[in-house]
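Counting starts at 1 for both ligands and their atoms, following the listed order. Side chains included, hydrogens not; waters and symmetry mates left out as well; all remaining heavy atoms used.
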Amino acid sequence: MQLDPANIPKHIAIIMDGNGRWAQARGHIRIMGHKAGVKAVKAIIETARELGLPVLTLYAFSTENWNRPQDEVSGLMNLLKNYLQSELDAMLKNDIRLRAIGDINGLPADVQDVLHSTIERTRHNKALTLNLALNYGGRNELLHAIREIAAQVGRGDLQSEAITEELVADHLYTSGLPDPDLLIRTGGESRLSNFLLWQASYAELYFTETAWPDFDKTCLLEAILAYQQRQRRFGRTGEQV
Ligand code: FPP
């Protein structure tokens, strides 16, 4: 497998699906799949650093995930908190900047506290931006942006003609980050599930049957290799690009 180091995506976004089924297939309760999923998260971040990937976004908890059984929701929140607490040193050592997208105010207070402090402690790091999507929904994000923009228009601070794609992008949770070039979904389903609806407009989509806990370094390299074999036309013809 020969990756072109000059054509590594600037931003990879991942829908980490298949944890529950991975656990159930092994006779475990679902949260064991999420626990195994945290190990995969660590391995993929390590690979991202080795590759020099600038931005990695992980869909860790959606606005719809609150509908899961209460013990699974609280188990996920605990895993997240423990992960942030235990990985701070590694983030500082490996020059990783943490960022979060989503309705963060809707998370439990203890998770918000550790999230804010980890973001603050890592804010000057430069090599990799690790962007966690937490209580995130693409429609919710667009709604939030539309409300902010409408309020500015309502106050007379903004003319409706001045609403451009760039202005909308600036009001999204991902403001300042490049759009994802490659969007990966593990676990066998082929849908976006409300993830980065605006930002993924031109992302190359890569779906794999591999469940998230089994998605390792080789799997990520295979996905990037597939990406490098795609022709990205952005609306132009094959001859033009
Ligand atoms: C989807 O699998 C996965 C989630 C809803 C949670 C993902 C969370 C983690 C990998 C761990 C915590 C994250 C971090 C960043 C520390 P699913 O449960 O829907 O799987 P299924 O489709 O097999 O039921």
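- Distances from ligand 1 to the non-hydrogen atoms of Q24 include no value under 4.0 Å.
- Atoms of ligand 1 found under 4.0 Å from any heavy atom of Y83, numbered from 1 in the order shown, are 16 (C).
- To the nearest 0.5 angstrom, I14 atom CD1 is 8.0 Å from L182 atom CG.
- Interatomic distance, CZ of R99 versus CD1 of I119, reported as 9.0 Å (0.5 Å rounding).
- Relative to the six-membered ring of W22, R26 meets both conditions, a distance below 6.0 Å and an angle of at most 45° to the axis.
- On a distance-only criterion, A60 and ligand 1 share no N/O pair closer than 3.5 Å.
- Residue L3 holds its CG atom at 10.5 Å from CD of E222, rounded to the nearest 0.5 Å.
- In this structure a side-chain-to-backbone donor-acceptor pair under 3.5 Å is missing from D103 to N135.
- For the residues R68, K42, K81, M16, the heavy atom positioned nearest atom 1 (C) of ligand 1 is part of M16.
- Residue R21 has at least one nitrogen or oxygen atom sitting less than 3.5 Å from a nitrogen or oxygen atom of ligand 1, judged on distance alone.
- Counting atoms of ligand 1 from 1 in the listed order, those under 4.0 Å from a heavy atom of N65 are 5 (C).
- For the pair R185 (side chain) and R191 (backbone), a donor-acceptor distance under 3.5 Å is present.
- Using a 4.5 Å heavy-atom threshold, the side chains of D181 and Y227 count as touching.
- Of the options H34, K35, E64, R30, the smallest heavy-atom separation from atom 24 (O) of ligand 1 is shown by R30.
- We find the CG-CD1 distance between L220 and I184 to be 5.5 Å, quoted to the nearest 0.5 Å.
- Using a 4.0 Å cut-off to heavy atoms of L132, the atoms of ligand 1 that qualify are 15 (C).
- Counting protein heavy atoms only, atom 9 (C) of ligand 1 is closest to N19 ND2, 3.9 Å.
- Near D17, meaning under 4.0 Å from any of its heavy atoms, are these atoms of ligand 1: 1 (C), 2 (O), 17 (P), 19 (O), 20 (O), 21 (P), 22 (O).
- Heavy atoms of G187 stay at 4.0 angstrom or farther from ligand 1.
- Heavy atoms of V38 approach ligand 1 to within less than 4.0 angstrom.
- Annotation: side chain of S190 is in contact with side chain of F207 (closest heavy-atom distance under 4.5 Å).
- Of the polar atoms of G20, at least one N or O is found under 3.5 Å from an N or O of ligand 1, judged by distance alone.
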